[in-house]
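Structure first, commentary second.
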Amino acid sequence: MMTSYVVAHLKIRRTINETLGHLPDVQLPTNIFLTNTLAQPISELERGEQLTLFDFSAAITEEAYQADTWKTRRPIKVIIGNPPYLATSTNPYDISAYKTETDGITDFGEKKHWLNDDYVKFFRFSGHIINKNKEGVLAFVTNNGYLDNPTFRGMRASLLRTFDKIYIVNLHGSAKKRETTPDGGKDENIFNIMQGISLFIGIKKSKKADWAKVYYADVWGAREDKLDSLAKGNLSFSELKMDRKMAYFIPFENEDKEIYDKGVSLTELFPTNVTGIVSGNDKVAIAPTKVELVRRMEIIKNATGEEDIFNLWKHFSRGQTAEKIQNDVLSEGEVTPILFRPFDFRWTYYSGNSCGWVLWPREKSTMGHLLAEPTSPIGENIGLVFCKTSRRFFSPFVSTNIIAHRLFSAMCEITYIAPLYLHFGSEIIGESWEANLNDDVFDKLTQYTSTKPTPIEVFDYVYGVLHDPVYIEKYEQYLCRDFPRVPIINKPKEKRDKREFFVSEELYKEYVAVGKNLRELHLMQSKIPAELLLEPDTPDHMEIGTVKYKNGVLQLNSDKRILGIPQDVWEYQIGGHQVLDKWFKEHKGEKFTIDIFNHIENVVGLLSETIRLEKYLRELH
């Protein structure tokens, strides 16, 4: 960054002047160089070729060469910085050492991750330099996502192997996670950004083989208070007990973790799963009605130039072009419903081609099981919707359609879907359906049941237990750190820990029954409409405005209000969304028709029943 570089030189020059009382006759070496940290060093040949060019180019080349000399041939023992955060970075740098399990050897096999972020590459560069020199200090201000995201476990373990001691100051302030202080107060970011921030200080001074000791401190509250605490050193560190599997850099209670881990993971039980699609442009690629979607597609099909497409699309996401979008619409795809938000169904075009109408369609081989026309053994196929990590645990949802990747939260939590049945078909073997269940994991889950459950009963068991407030409260800190797990059913007394969450055969049947009810409610197959009133009940002024809710009254706009929505229903959340509030915000400006009124009555009714069923589950214990 040229500005920082120039200011550093000026400050050194001023310091010399203040120290000596005058500036020297010749320029003294400052050992401050302008360089791209992640760039490969230039060779002697390249240096020689560049030095023959005009003066400015030659000066830049010499500067880069001097920087490379330090980066590659001289010891750097202190590295300080605030590296850039860019999740979509294409800067080439080898971070393969971070793409492993915590053993540093086993490839963790994850296809989609955030390890390509620039700040991660700076961590890898710095750790490599300090490891090579066998001692040093690394001090970074960075994005704090790596502290507990499971994808970063290999990175954390690599840092633990590099340093003797690590100090973490979690400055929080994530607007994406809507963080508040422990007492519910306002928590501000130290920068004007949405991503939470943390400080990392790593110290290496030995050749030890074991993991570093990690000391952790939280700093919450207003920005000025945080900066004041840092300036005065008002930090209270506690040593973390390391989880050897995930190596979290935040406090993590391990007392019940081993017991919880004896259950089965959703992704182990339902092995075919994928994240929701990323449209790249929700306002265009996802339409409110099928008619509107087809209208937009016709514009693209009939476009005679890039300008016609851009007039509709307004902006292209990374990798998209007008030509790719048009070719995609002209290919063989499907006009299909999509679950955009809870109880908010839209329409999109899906071909499975990347960077077309949909930016990232995810694997068509998985999404296709929800698009298949033939009916599955349960009729219309369904998918279990869940997320991997979040600031708190989100109970699962269910869909018969493909889903958007931010279904649970518009801010940070990525949503996954696992079809219950997989569809196969060809002219030779005909059409067939297979349950998306891993046989070994299914046997582990159900080995002690008196009869083997059907796939839909297993689905309903999972859906029921993960809506049980008692189970969630007992294991929430683990449920929200990775893909959620569910308990083995009816485990014999001699094989279970006394602290274990025990699901007897009777409780299992209750979970299946409640899970079935919840599933049908959330698919809107069961209808229990609430009795709402629209006042005044006249056909004028029906546009949805900035809604406000108070004491059972929802102000739809300045003239209209809806009566009869209970407080607990209005506040009910699915994932990170307050369901009704989010629905009305997403539909602001639209006409509030009789069909929409009926839809809201249904949603209010089924949310009331959901709340009742969750209370029923709590009372079972």
Item to check | N/O donor-acceptor pair under 3.5 Å between Lys204 side chain and Thr162 backbone | outcome: yes
Next on the checklist: Counting only heavy atoms not in Lys585 (residues, nucleotides, ligands), do more than 12 fall under 6.0 Å from its NZ?
Outcome noted: no
Checklist entry - What is the distance from atom CG of Leu466 to atom CG of Leu266, rounded to the nearest 0.5 Å? => result 6.0 Å
Checklist entry - Would Trp360 and Arg318 count as a side-chain contact (heavy atoms from CB on, under 4.5 Å) if you check the C-alpha gap in whole Å, the side-chain angles of each, and the deciding distance to 0.1 Å? => result CA-CA 10 Å; Trp360 295 334; Arg318 184 166 58 94; 3.5 Å; yes
Item to check | Ile129 side, atom CD1; Lys77 side, atom NZ - distance, nearest 0.5 Å | outcome: 13.0 Å
Item to check | Atom pair OG1 (Thr142) and CG (Asn144), whose distance is rounded to the nearest 0.5 Å | outcome: 7.5 Å
Next on the checklist: Run the side-chain contact (heavy atoms from CB on, under 4.5 Å) test on Glu101 and Lys245 for me, step by step, so that the C-alpha distance in whole Å, both residues' side-chain angles and the decisive distance to 0.1 Å come before the verdict.
Outcome noted: CA-CA 8 Å; Glu101 298 293 347; Lys245 181 180 178 182; 5.8 Å; no
Item to check | Flag, side chain of Asn281 to backbone of Trp313, donor-acceptor distance under 3.5 Å | outcome: yes
Checklist outcome for this item: All heavy atoms of Val284 vs all of Leu312, minimum pair found to be CG2-O, 3.5 Å
Item to check | Main-chain N/O of Pro84 paired to Asp118 side chain as donor or acceptor, under 3.5 Å | outcome: no
Next on the checklist: One pair to check against side-chain contact (heavy atoms from CB on, under 4.5 Å): Asp164 and Ile203. What are the steps and the verdict?
Outcome noted: CA-CA 6 Å; Asp164 301 315; Ile203 301 166; 5.6 Å; no
Checklist outcome for this item: Which of Arg223, Lys226, His172 passes side chain to side chain donor-acceptor pair (under 3.5 Å) with Asp187? It is Lys226
Checklist outcome for this item: Closest non-hydrogen atoms of Phe249 and Ile168, given as atom of the first, atom of the second and distance, are CD2-CD1, 3.9 Å
Checklist entry - Does any non-hydrogen side-chain atom of Glu268 lie less than 4.5 Å from one of Asp440? => result no
Item to check | Heavy atoms of other groups near Glu307 CD, more than 12 under 6.0 Å | outcome: no
Checklist entry - For the side chain of Lys324 and the backbone of Gly319, is there at least one donor-acceptor N/O pair under 3.5 Å apart? => result yes
Item to check | Residue pair Thr275 / Arg362, side-chain donor-acceptor N/O under 3.5 Å | outcome: yes
Next on the checklist: I'd like to know if the side chain of Thr415 reaches the main chain of His405, judged simply by a donor and an acceptor atom lying under 3.5 Å from each other, with no hydrogens or angles considered.
Outcome noted: yes
Next on the checklist: Quick one: does any side-chain atom of Asn189 pair with a main-chain N or O of Phe191 as donor and acceptor, under 3.5 Å?
Outcome noted: yes
Checklist entry - Given side chains that start at C-beta, do those of Tyr85 and Ile197 come closer than 4.5 Å, heavy atoms only? => result yes
Checklist outcome for this item: All heavy atoms of Leu407 vs all of His577, minimum pair found to be O-CD2, 3.1 Å
Checklist outcome for this item: Rounding to 0.5 Å, atoms OG1 (Thr321) and CG (Asn327) come to a distance of 8.0 Å
Checklist outcome for this item: For Cys387 and Pro484, the nearest pair of non-hydrogen atoms, with its separation, is O-CD, 3.6 Å
Item to check | Closest approach of Ser265 to Phe483 (non-hydrogen atoms, all atoms of both residues) | outcome: OG-CB, 3.7 Å
Item to check | Close side-chain approach of Asp183 to Trp220, heavy-atom, < 4.5 Å | outcome: no
Checklist entry - Is there a donor-acceptor contact under 3.5 Å from the side chain of Asn17 to the main chain of Thr15? => result no
Next on the checklist: Between Asn170 and Tyr216, do the side chains contain a donor N or O and an acceptor N or O under 3.5 Å apart?
Outcome noted: yes
Checklist entry - Could you state the interatomic distance from CD (Glu188) to CD (Glu224), rounded to the nearest 0.5 Å? => result 8.5 Å
Checklist entry - Just wondering, are more than 12 heavy atoms of other shown residues or ligands nearer than 6.0 Å to CD in Glu306? => result no
Checklist entry - Mind checking whether Phe122 and Thr37 have side chains closer than 4.5 Å, heavy atoms only? => result yes
Checklist entry - Are the side chain of Ser317 and the backbone of Gly280 linked by a donor-acceptor contact shorter than 3.5 Å? => result yes
Checklist outcome for this item: Taken to the nearest 0.5 Å, the spacing of Met246 CE from Arg481 CZ works out to 10.0 Å
Next on the checklist: Under a 4.0 Å threshold between the charged nitrogen and the carboxylate oxygen, would Asp94 count as salt-bridged to Arg124?
Outcome noted: no
Checklist entry - Taking atom types as modelled and ignoring hydrogens, do the side chains of Ser351 and Asp328 form a donor-acceptor contact shorter than 3.5 angstrom? => result yes
Checklist entry - Side-chain contact, heavy-atom cut-off 4.5 Å: Arg485 with Tyr478? => result no
Next on the checklist: Donor-acceptor check, side chain of Asp243 to backbone of Tyr248, threshold 3.5 angstrom: yes or no?
Outcome noted: no
Checklist entry - Do side-chain atoms of Lys121 reach the backbone of Asn91 as a donor and acceptor pair under 3.5 angstrom? => result yes
Next on the checklist: If you compare all heavy atoms of Ile277 against all heavy atoms of Ile338, which two are closest, and at what distance to 0.1 Å?
Outcome noted: CD1-CD1, 3.5 Å
Checklist outcome for this item: Checking Tyr98, Phe123, Phe140 against Tyr146 for ring-ring contact (aromatic ring centres under 6.0 Å, His included), the one that qualifies is Phe123
Next on the checklist: Quick check: do Thr102 and Arg156 have side-chain heavy atoms less than 4.5 Å from each other?
Outcome noted: no
Next on the checklist: I'd like to know whether Lys388 forms a side-chain contact (heavy atoms from CB on, under 4.5 Å) with Asp482, so could you lay out the CA-CA distance, the side-chain angles of the two residues, the decisive distance to 0.1 Å, and finally the verdict.
Outcome noted: CA-CA 5 Å; Lys388 182 176 184 179; Asp482 202 348; 3.5 Å; yes
Checklist entry - Pick from Phe237, Phe163, Tyr167: which one makes a ring-ring contact (aromatic ring centres under 6.0 Å, His included) with Tyr215? => result Tyr167
Next on the checklist: Is there a side-chain contact between Ile300 and Trp357 in this structure, where contact means two heavy atoms from C-beta onward sitting under 4.5 Å apart?
Outcome noted: yes
Next on the checklist: Counting C-beta onward and ignoring hydrogens, is there a side-chain heavy-atom pair between Pro396 and Tyr416 closer than 4.5 Å?
Outcome noted: no
